There are 2 protein chains.
Amino acid sequence: MSADERRESVLRAAIVEFSKGGLAGTSTEDIARRADISQPYLFRLFGTKKELFLAAIERTFDQALTILVAAAGDRTGEEAKMAMADAYRMFLNDRTLLLTQMHAYAACGDDDVRRVTQTSFGKLWLAVAGITGLEDDDLIAFFGHGMLLNMAAAMDLMAVIDLPWVKACLGQELLAEAAHDEANATAKTAEAGVKTAG
Amino acid sequence: MSADERRESVLRAAIVEFSKGGLAGTSTEDIARRADISQPYLFRLFGTKKELFLAAIERTFDQALTILVAAAGDRTGEEAKMAMADAYRMFLNDRTLLLTQMHAYAACGDDDVRRVTQTSFGKLWLAVAGITGLEDDDLIAFFGHGMLLNMAAAMDLMAVIDLPWVKACLGQELLAEAAHDEANATAKTAEAGVKTAG
DNA sequence: CCGAATCTAGTGACTGATCACTTACTTCTG
DNA sequence: CAGAAGTAAGTGATCAGTCACTAGATTCGG
């Protein structure tokens, strides 16, 4: 495998591991094991653990950007916004991307982390602003709602959806999705039950 | 000093230290040093580092709650909302509270952290809902905007306010505040200049 | 009212484990 | 065979948590 291909697979492994413990709480050994390489080779590829973390941050924001741009297609304005909002749930479903991003925000006390996080978030903002052409206030509302969903996903509120305040917090779209998932799960269980019984 | 008083001062020290590195990235030694006690005594008071972290999380949410309740006074509805939104900037100004809370969200991969964070956030939501009596959609918008401000504060966007997208992202109120701070700082610098010159 | 027993606050010195990063090596491939 | 891919075996530092202890206050039986 070429070094570039390796770097790519290490980066993917890193996002998964960093999502659990952040920069300080994740060992290079764990990342190397997941990427199926030796731990010293990880250092040859990325220099330091922090370099790898910074690359992981950039990657999670790039993923978010890619999802949003793809969802918008050649739509603009409110239509593009709706499509993006819909698609953003795909991003939220991958808790590794989301939690790694959370660790990035939390680690902004570090100068390097803050620099990369600012730049990455800025790219995202500018892209959404450019595609939708919305006013600042609308953009603030859009990103604000996105951030609330980030937190909800980080806290895994879907798992405690029976609490009344959680129902309010998640909003109609996610409630519908949860009901849908629930129905699927019930169907699967029933199916399995039939199989077992048969 | 009584053990309870000590616990209180350790908790305050812990929030400051945890805000830099989170659960994994902060040493009990650093916390103990800041609290001016020996490191073993910290363990007598809180059992484990994680227990202390959980207590710190709860405390940061309680602080936020206290600020909002105090700001609302006996107002309700939109008026209470406005007052709370205004006051929330006090919370944002203390980066130790904010970043510790960020570390809590990011660390929600851990079951204990998630439990405490969910509960604390839920208390906050219920309080705001109770005081304002707003509809779910309005609450979502309110908390959403709050979360965006959280991120902005975590990334310290005020420090890079000259970037155009940052101006858009922070909104009118914070821009005005920034201009005000700027004026103050300039006045202070001028004053100091005069003193030096004299 | 004295002193023995008990309790509370607090510490210095240690330990076993973990971890980022290095050195010096091997193996594969064009 | 040159250089790129890849590794085994460390090293020094850090750190959560423990142990065994001291100083002073409080209580209580005689």
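Protein chains get the first letters and strands the later ones, always in sequence-line order, with residue 1 at the start of each. Nothing here was measured: the structure is a model prediction, and the numbers come from that model.
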Trainee: For B/Glu58 and B/Ser120, which I'm curious about, is there any donor-acceptor pair between the side chains at under 3.5 Å?
Mentor: no
Trainee: Counting only heavy atoms not in A/Met158 (residues, nucleotides, ligands), do more than 12 fall under 6.0 Å from its CE?
Mentor: yes
Trainee: Thinking salt bridges, do A/Lys81 and A/Asp138 make one under a 4.0 Å N-O criterion?
Mentor: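 Judged by the 4.0 Å cut-off on N to carboxylate O distance, A/Lys81 and A/Asp138 do not form a salt bridge.
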Trainee: Would you give the length of the straight line joining atom CH2 of B/Trp165 to atom CG of A/Leu139, rounded to the nearest 0.5 angstrom?
Mentor: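 Between B/Trp165 CH2 and A/Leu139 CG, I get 12.0 Å after rounding to 0.5 Å.
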Trainee: Check B/Arg12, B/Arg34, B/Lys49 against B/Glu17 for a salt bridge (Lys or Arg N to Asp or Glu O under 4.0 Å) and give me the one that passes.
Mentor: B/Arg34
Trainee: For the pair made of CZ in A/Phe53 and P in C/dA20, what is the distance, rounded to whole Å?
Mentor: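 One finds 13 Å between P of C/dA20 and CZ of A/Phe53, rounded.
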Trainee: Using the side chain to side chain contact (heavy atoms under 4.5 Å, CB included) criterion, which residues pair with B/Thr119? Sequence neighbours excluded.
Mentor: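 Listed in chain order: nothing, the list is empty.
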Trainee: Taking the minimum atom-to-atom distance to the side chain of A/Arg44, which one of C/dA20, C/dG10, C/dA24 wins?
Mentor: C/dA24
Trainee: Would you kindly give the CD-to-P distance between A/Glu51 and C/dA20, to the nearest whole Å?
Mentor: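 Atom-to-atom, A/Glu51 to C/dA20, this comes out as 15 Å.
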Trainee: Please work out which of the three classes, parallel, tilted or perpendicular, describes the rings of B/Phe91 and B/Tyr88, given edges at 30° and 60°.
Mentor: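 Answer is parallel, since the angle falls under 30°.
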Trainee: Let me see the working for B/Met1 and B/Glu8 under side-chain contact (heavy atoms from CB on, under 4.5 Å), right down to the final yes or no.
Mentor: CA-CA 11 Å; B/Met1 203 186 282; B/Glu8 178 61 28; over 6 Å; no
Trainee: Among residues 9-43 of chain A, which ones have heavy-atom contacts with DNA chain C below 4.0 Å?
Mentor: A/Thr26, A/Ser27, A/Thr28, A/Gln39, A/Pro40, A/Phe43
Trainee: Tell me, please, the opening and closing nucleotides of DNA chain D, 5' to 3', among those with an atom under 4.0 angstrom from a non-hydrogen atom of chain A.
Mentor: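 On DNA chain D, the outermost contacted nucleotides are D/dA5 to D/dA9.
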